[in-house]
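Scope of the values below: all heavy atoms of this structure, side chains included, with no hydrogens, waters or symmetry mates. Just so it is clear: chains get the letters A, B, ... in the order the sequence lines come, proteins before strands, and each one is counted from 1. For clarity, every value in this text was computed on a predicted model and none was experimentally measured.
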Number of protein chains: 2
Amino acid sequence: MANRFVQKLSGLADLDADDAAALERVTAKPRRYVARQDLIREGDEPGPMFVVLEGWVCRYKILPSGSRQIMAFLMPGDACDLHIKLLAQMDHGIQAITTASVATVSREQMESMMRDHPNIARTMYMAQLVDEGIMRAWIVSMGRRSAAERVAHLICELYLRARSIGLTGEGEFALPLSQLVLADALGMTAVHINRVLKELRLAGAMALTRGSVTILDPVKLVQIAGFDENYLHRRLLLTGLSAR
Amino acid sequence: MANRFVQKLSGLADLDADDAAALERVTAKPRRYVARQDLIREGDEPGPMFVVLEGWVCRYKILPSGSRQIMAFLMPGDACDLHIKLLAQMDHGIQAITTASVATVSREQMESMMRDHPNIARTMYMAQLVDEGIMRAWIVSMGRRSAAERVAHLICELYLRARSIGLTGEGEFALPLSQLVLADALGMTAVHINRVLKELRLAGAMALTRGSVTILDPVKLVQIAGFDENYLHRRLLLTGLSAR
DNA sequence: ATTGGATAATAACATTCATCAATATCCGAG
DNA sequence: CTCGGATATTGATGAATGTTATTATCCAAT
């Protein structure tokens, strides 16, 4: 299955060949972005919906103090808000982390596709609900988990999301995020995340080297994270990657 | 304007009398909940959409350690996820904080209303986007703001939300949240929030007494919070309650 | 191969916040 | 009114994390 958008949505519900063809059609002409390039900035007027096909992208916000908080990672197959055009201006920016290939889908295209393919509409709404669940999980992590737990939890989340679009190897996957980027996502400093990564490595749970994560002991990692995959609402994960 | 749901949505877009009547119709038979009563629990199968008409409600999650994280406050006029029925089970619970009056709207009712009133559909989607913006703002707060900044930011948010449904007085509003509840929402301990509240009181920014907040110095409060109301996407706020 | 900027690793010290503990205050049930 | 549980206040102490600084490593451009 070539198209990541189709692949991602297929992880949430059954799509027929017709649905898949429609999804491929609207994402046929992606645009390339280089690392650190903004897809859209805070304050801009919202435009078409973005669908990431290759590479990693994030939602972020810069505070007056200059510090940055990343609020979401978008990986291949992920789309940003369906109805975003309804708002007068963006309350956050969206930026490529790596070189990325991103398709844009106009509101009109989207609406006609959803009208003609109710199953796609359903699945897109599910994807939206899952994204909200992920945001809530981030809130929980930031509020009530220690730094090590938070790192472990994020890695579990990203591993499963990568896995559901076929981007994982054997207990290992590509994670093109610098420690600085991870720190900005987890609300900690780059120095501290480095300490925590060492700790997780020495504990034999996981090891992050430039560009890739090795899950040394899934059970231990899940236990540290207190991870429960339920909130990702994927069908057929059967990973054994859950706490309770 | 009696119905808080109508009032809240009117703060986002223009609704005509017909729209208002339809909204009132679907929320005509609310049910009462007592404080601490669950509307729905984590693991339950999602049912109808909830619309809060009176009182305060929260989304929350209990961690294995027993600590609680509140992920959202719903006040009168607020509704929970439109399409929630698409998911097999809830990944978090929803609970009344105070005595609350809550209407339930079935997916069928909702869909037929949105079909007959495209303007309502539009506005509900806007409300959903705003709720996401609020979640993102919480992530930013938890990740990059100090305890005092976080408290100040939440109070600014809640003040404006309360204001847009007519629940505020002169630089003051009813906030029926115990320090423990606030702590669970802000990812801190009850002890620490108590200290921070004292600090904010001594700084002359705001004072919280049982059940109500007095904003002593709006400019100072906004400045401490680094608050920018933009993300609430309300029309006509004109509050002067923003940082930049 | 060499260089320079970004990234990573480590240490010393400072700060924020959690934890534990004790007391005070409020408010509803009787 | 008064009793008791929930809530709020305050202090002392320690753990987790931020800050600043220095050095090491990687990698892309020359």
[X] side chain to [Y] main-chain N or O, any donor-acceptor pair under 3.5 Å?
{"X": "A/D81", "Y": "A/I84", "answer": "no"}
{"X": "B/R4", "Y": "B/V52", "answer": "no"}
{"X": "B/N3", "Y": "B/V6", "answer": "yes"}
{"X": "A/T98", "Y": "A/W56", "answer": "yes"}
{"X": "B/K220", "Y": "B/A203", "answer": "yes"}

Rounding to a whole Å, what distance do you find between [X]:[atom1] and [N]:[atom2]?
{"X": "B/M142", "N": "C/dC17", "atom1": "CE", "atom2": "C1'", "value": "14 Å"}
{"X": "A/I97", "N": "C/dT7", "atom1": "CD1", "atom2": "C1'", "value": "15 Å"}
{"X": "A/R36", "N": "C/dG5", "atom1": "CZ", "atom2": "C1'", "value": "11 Å"}
{"X": "A/L202", "N": "C/dA9", "atom1": "CG", "atom2": "P", "value": "12 Å"}

Set of side chain to side chain contact (heavy atoms under 4.5 Å, CB included) partners for [X], sequence neighbours left out:
{"X": "B/H192", "result": "B/A147, B/M188, B/T189, B/R195, B/V196"}
{"X": "A/E199", "result": "A/A148"}
{"X": "B/A137", "result": "B/H153, B/Y231"}

For this session: Could you check if a side-chain atom of A/V57 sits within less than 4.5 angstrom of a side-chain atom of A/F50, using non-hydrogen atoms only?
Result: no

Exercise. Between B/F173 and B/L167, is any pair of side-chain heavy atoms under 4.5 Å apart?
Worked result: no

For this session: Using the heavy-atom set of chain A and a strict 4.0 Å cut-off, write down the first and last nucleotide of DNA chain D that makes it in, 5' to 3'.
Result: D/dT17 to D/dC26

Problem set entry | A/R145 or B/L177, whichever maps to the more 5' nucleotide of DNA chain D | B/L177

Seminar exercise, completed: Between A/A147 and B/R201, whichever has its closest DNA chain D nucleotide further toward 5' is B/R201

Seminar exercise, completed: Residues in residues 187-199 of chain B with a heavy atom under 4.0 Å of DNA chain D, by number, are B/V191, B/N194, B/R195, B/K198

For this session: List in numerical order all residues of residues 64-72 of chain B for which some heavy atom is under 4.0 Å away from an atom belonging to DNA chain D.
Result: none

For this session: To the nearest 0.5 angstrom, please state how far the CG atom of B/L186 sits from the CD1 atom of B/I70.
Result: 9.0 Å

Exercise. Taking only residues two or more places apart in sequence or in another chain, which ones pass side-chain hydrogen bond (donor to acceptor under 3.5 Å, both in side chains) with B/S65?
Worked result: B/S67

For this session: Name all pairs fulfilling the side chain to side chain donor-acceptor pair (under 3.5 Å) condition that reach into residues 169-181 of chain B, sequence neighbours left out, sorted by first residue then second.
Result: B/Q179-B/N194

Exercise. What bend angle does the helix from C/dA1-D/dT30 to C/dG30-D/dC1 show across its length, from five-pair end axes and to the nearest 10 degrees?
Worked result: 50°

For this session: Ignoring backbone atoms, test whether A/Q179 places a side-chain nitrogen or oxygen under 4.0 Å from the OP1 or OP2 oxygen of C/dA9.
Result: yes

Exercise. Nucleotide by nucleotide, 5' to 3', does protein get under 4.0 Å of the base (B), only the sugar-phosphate (S), or neither (-) in nucleotides 22-30 of chain C, counting heavy atoms?
Worked result: ----SS---

For this session: Applying salt bridge (charged side-chain N to carboxylate O under 4.0 Å, His left out), name anything that partners B/D217, two or more places apart in sequence or on another chain.
Result: none

For this session: Name all pairs fulfilling the salt bridge (Lys or Arg N to Asp or Glu O under 4.0 Å) condition that reach into residues 180-190 of chain B, sequence neighbours left out, sorted by first residue then second.
Result: A/R144-B/D184, B/R68-B/D184

For this session: Kindly give the heavy-atom pair with the smallest separation between B/M75 and B/I165, and that separation in Å.
Result: SD-CD1, 4.2 Å

